[in-house]
Amino acid sequence: MFKFILPHSLRQAGILGMNYRNYEIIGKNNPRHLYPLVDDKVQTKQLAAQAGINTPALIGVIDAQFKVKNFLSLVKGRKEFVIKPAHGSGGKGVLVIKKFTQNYFRTASERVLTYNQVYQHISNILSGLYSLGGRNDVALFEEMVHFSTNFNQYSYRGIPDVRVIVYKGYPALAMMRLATQESGGRANLHQGAVGVGLDIRTGQAIAAVQHNQSVFQHPDTHVDLTKLQVPLWKEHLLIAAKGYEMSGLGYLGADIVLDQFRGPMMLELNARPGLAIQIANKKGLYHRLKEIDTFPKNLTPTERVDFVLAQSKDKN
Amino acid sequence: MLKKLKSVRFYLTLALIISFLFAAFSIYYKIRYWGFALEPKELTNVWAIETHITFKPTGDPIKVSIARPNADNTFKILDEDVVAPNKYMVQFEKERVILTNTAQQKEQDIYYRVLVYDNKKGKGKVYAPKPEVPSPPIFDEQSQLIARQLILEAAKLEGNPVQQLIKLFAQEPPNETVMAFMPKRKSAKNTATIIKDILSFQEIPARLAWGVKLSEDKKSFSADVMLEAYLKNKWEVYNIETAEKGIPKNFIIFQHGGESLVDVEGGENSVTKFSVIKSISTSFNMASHRAKLLGDKNWFDYSIYSLPIAQQTALKWLMIFPLAILVVVIARNMIGIKTMGTFTPMLIAMALVQTGFLPGLICFALIIGIGFAIRLLLSKLNLLLVPRISAVVIFVILIMQFFAIVGYQWHLDIASSALFFPIIIMAWIIERASIIWEEEGIKNAMKEVFFSVVVAILTYFVIVNPYIRYIMFAFNELNLVILCLVMLLGTYTGYRLTELLRFAPLSKDKTDV
Ligand SMILES: Nc1ncnc2c1ncn2[C@@H]1O[C@H](COP(=O)(O)OP(=O)(O)O)[C@@H](O)[C@H]1O
Ligand SMILES: [Mg+2]
């Protein structure tokens with residue numbers, strides 16, 4: 001049956017509600033004029049490069065319909081590439097091409113597209129089909145992430161990514177999102193992806209949920225989720241923490257993927273990260289944010305990460 | 001940070017309280033002084049009383065003095081005018097209308113018309129200055145004896161001294177003592193005058209009152225006389241035949257005390273007749289008259305109620321919007337229902353008001369259904385965004401057109417109601433639903449459409465209620481309160497109702513529902 005809880009016990013559990021997030025956290029920590037920086041993936045990439053954050057390298061940008069026909073020359077000599085709308089969200093319009101010839105393109109999800117289909121896809125991106133509010137957009141070409149084989153068992157098709165909530169520069173809460181068959185290979189929780197809450201100190205799984213329900217195995221691969229451990233965890237945290245200086249956002253969600261060869265890479269930043277991470281962690285954000293409010297200001301990203309690692313250790 | 005929020009909330013709360021007080025005062029004022037009703041259809045009786053005076057001029061200068069109805073608390077004067085032959089000078093005095101003219105030859109006709117309305121709210125309060133002790137009438141010895149006798153006899157009857165006397169005079173067969181005292185021609189006026197005199201003899205102030213009984217469409221009748229006596233610190237009116245106390249229902253007093261209703265100087269054989277016509281008016285139609293009486297005319301002129309009817313109708317429609325918006329805000333921010341577009345549900349609700357509930361819903365479902373099917377076909381064509389959404393808009397227009405024609409030919413109201421739905425909104429719903437379908441599956445698409453319709457239905461029931469609509473129009477200052485409320489809700493940081501469900505797994509102490 002339906003489970004309801006009283007507002008009182010939600011508050012005790014320190015759950016952040018949508019209204020509180022919007023008014024108190026986002027409204028007060030994220031100045032609106034900074035949104036375009038993170039909503040536009042081209043700008044995000046440039047800023048990340050300046051801040052010394054690893055991201056998939058930019059191959060090029062197509063910003064006008066008449067340039068679409070030249071897209072092959074852009075990726076000439078490469079083995080693989082990724083096309084995505086600069087203003088996309090939720091994985092819409094992302095095309096990961098892992099192998100291609102002049103006429104055929106094989107995607108990461110093993111679909112084969114013709115030249116015309118890819119051409120059409122880019123054209124759709126430009127016309128705003130996948131973008132916020134349907135406004136005109138540009139198509140961004142970047143290098144493909146070679147996803148670390150560590151996680152092959154953990155995800156159905158799509159690659160898992162790590163989401164870290166960063167508050168005032170301090171990593172607050174983290175989870176890994178695993179694609180499932182139900183989510184269509186996408187890492188969006190509301191589409192049925194699995195969210196695995198991670199210990200912010202160690203990168204170890206604490207809990208996992210799918211559709212708000214606890215799970216212990218991946219629904220498709222049946223691998224034991226409780227054993228999940230993200231390698232290079234400190235590097236993940238560092239990227240997330242740097243996102244604060246880079247974007248100026250006091251409250252952000254950093255999406256980080258692990259490349260087999262180049263280590264953790266930031267895919268994007270989000271100025272309005274969702275609240276489902278609380279469910280994956282079986283833990284509310286509120287107390288954590290209040291705790292961070294008392295943390296020292298003016299530390300460097302590295303110092304902040306060290307602070308978090310040390311601080312959490314004390315507590316455990 | 002927190003301090004700042006506190007002050008924002010503080011000022012908004014203050015604004016809410018102020019707007020609330022203002023609205024409360026304004027509503028009170030409108031009801032009390034403009035006569036606005038709390039019910040949409042409360043009617044007020046309006047009586048047109050006509051005093052018709054005819055007389056033959058004697059050849060002297062003419063002066064006609066007519067009593068104006070007493071604007072007491074039970075009735076209020078809306079309007080009055082005099083229709084008289086040319087050259088009459090008309091003067092409105094506090095209690096009388098005076099017409100003067102030079103000497104005339106022909107028989108004269110003068111009409112005095114007055115419109116009065118029931119003032120239900122004001123009943124029961126009678127302004128009564130304490131009269132002086134009346135000077136006793138001049139009775140000769142014998143009359144004094146009889147008067148004493150009468151008082152003694154009356155004391156045996158029921159009621160207060162006034163009622164006792166009236167009853168004594170009304171006895172059938174007539175009381176002998178009374179007969180001795182009465183003049184030969186017995187009339188209500190004479191009886192009343194004599195009772196008045198005897199009361200004065202007892203030092204009870206009394207006077208005659210003239211008035212007319214208002215009943216539907218009465219023509220050519222004479223004024224009634226009543227007896228007023230001052231007992232227990234207030235004037236009270238008595239029926240001269242039944243001794244009943246109090247002003248009879250629908251009785252309007254034209255004049256208290258001595259003078260007659262109509263005095264004619266320079267004329268003879270004057271005849272005064274009254275006619276009454278009843279009409280009914282809504283409280284709105286009355287409002288401007290009342291405002292005028294109050295000297296509030298300017299205020300009223302700048303209210304929406306003095307606009308032409310067509311504009312008032314449009315405003316009536318507009319005035320309900322803020323409430324609908326409030327419903328949407330509550331549904332989204334407090335309950336946490338996800339809807340398509342912020343105000344889509346509100347616009348659907350407005351269409352439903354015009355189409356009627358069931359026909360509208362069926363029609364809505366049909367348009368969305370057909371549009372959706374077409375949109376699915378369209379997506380196969382891989383059109384660019386702008387042309388595609390444009391195509392959807394055109395398809396929606398074609399569907400509506402088709403429905404309208406079919407509806408007309410087959411006399412199906414359901415189909416004809418198609419035209420009331422906002423085209424762009426329909427296209428938007430179709431487009432958005434199909435995108436969600438493609439991206440997140442049919443379940444999510446249906447869910448979002450469903451919840452939008454749920455909020456639309458909720459909104460519909462709020463705005464379709466004639467009572468609520470009337471209140472929002474008649475007391476439009478409530479919109480200020482809603483405005484402040486909506487802004488205050490903008491600082492609401494508590495949980496949404498749906499979050500209690502969403503985050504339920506995170507709490508130890510769960511409650512099964
Ligand atoms: N360079 C890349 N290489 C491989 N996969 C990618 C790459 N970029 C994006 N993806 C895949 O697409 C998903 C969405 O990409 P992202 O950049 O986060 O866009 P969005 O803002 O739409 O979420 C990622 O979670 C990942 O699975
Ligand atoms: Mg993403």
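In what follows, chains are A, B, ... by sequence order, proteins preceding strands, each numbered from 1.
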Output the option from A:N188, A:V209, A:L275, A:N22 having the highest count of non-hydrogen pairs under 4.5 Å with chain B.
-> A:L275
Nearest heavy-atom contact between A:T226 and A:A205 is O-CB, 4.0 Å
Proximity breakdown for [X] and chain B, heavy-atom pairs closer than 4.5 Å:
X: A:A207; value: neither
X: A:Q278; value: both
X: A:R11; value: both

For the side chain of A:N270 and the backbone of A:G253, is there at least one donor-acceptor N/O pair under 3.5 Å apart?
-> no
Taking B:Y492 for the side chain and B:Y495 for the main chain, is one N or O donor matched with an acceptor at less than 3.5 Å?
-> yes
For the residue pair B:F421 and B:F364, does the interplanar ring angle fall in the parallel (under 30°), tilted (30 to 60°) or perpendicular (over 60°) class?
-> tilted
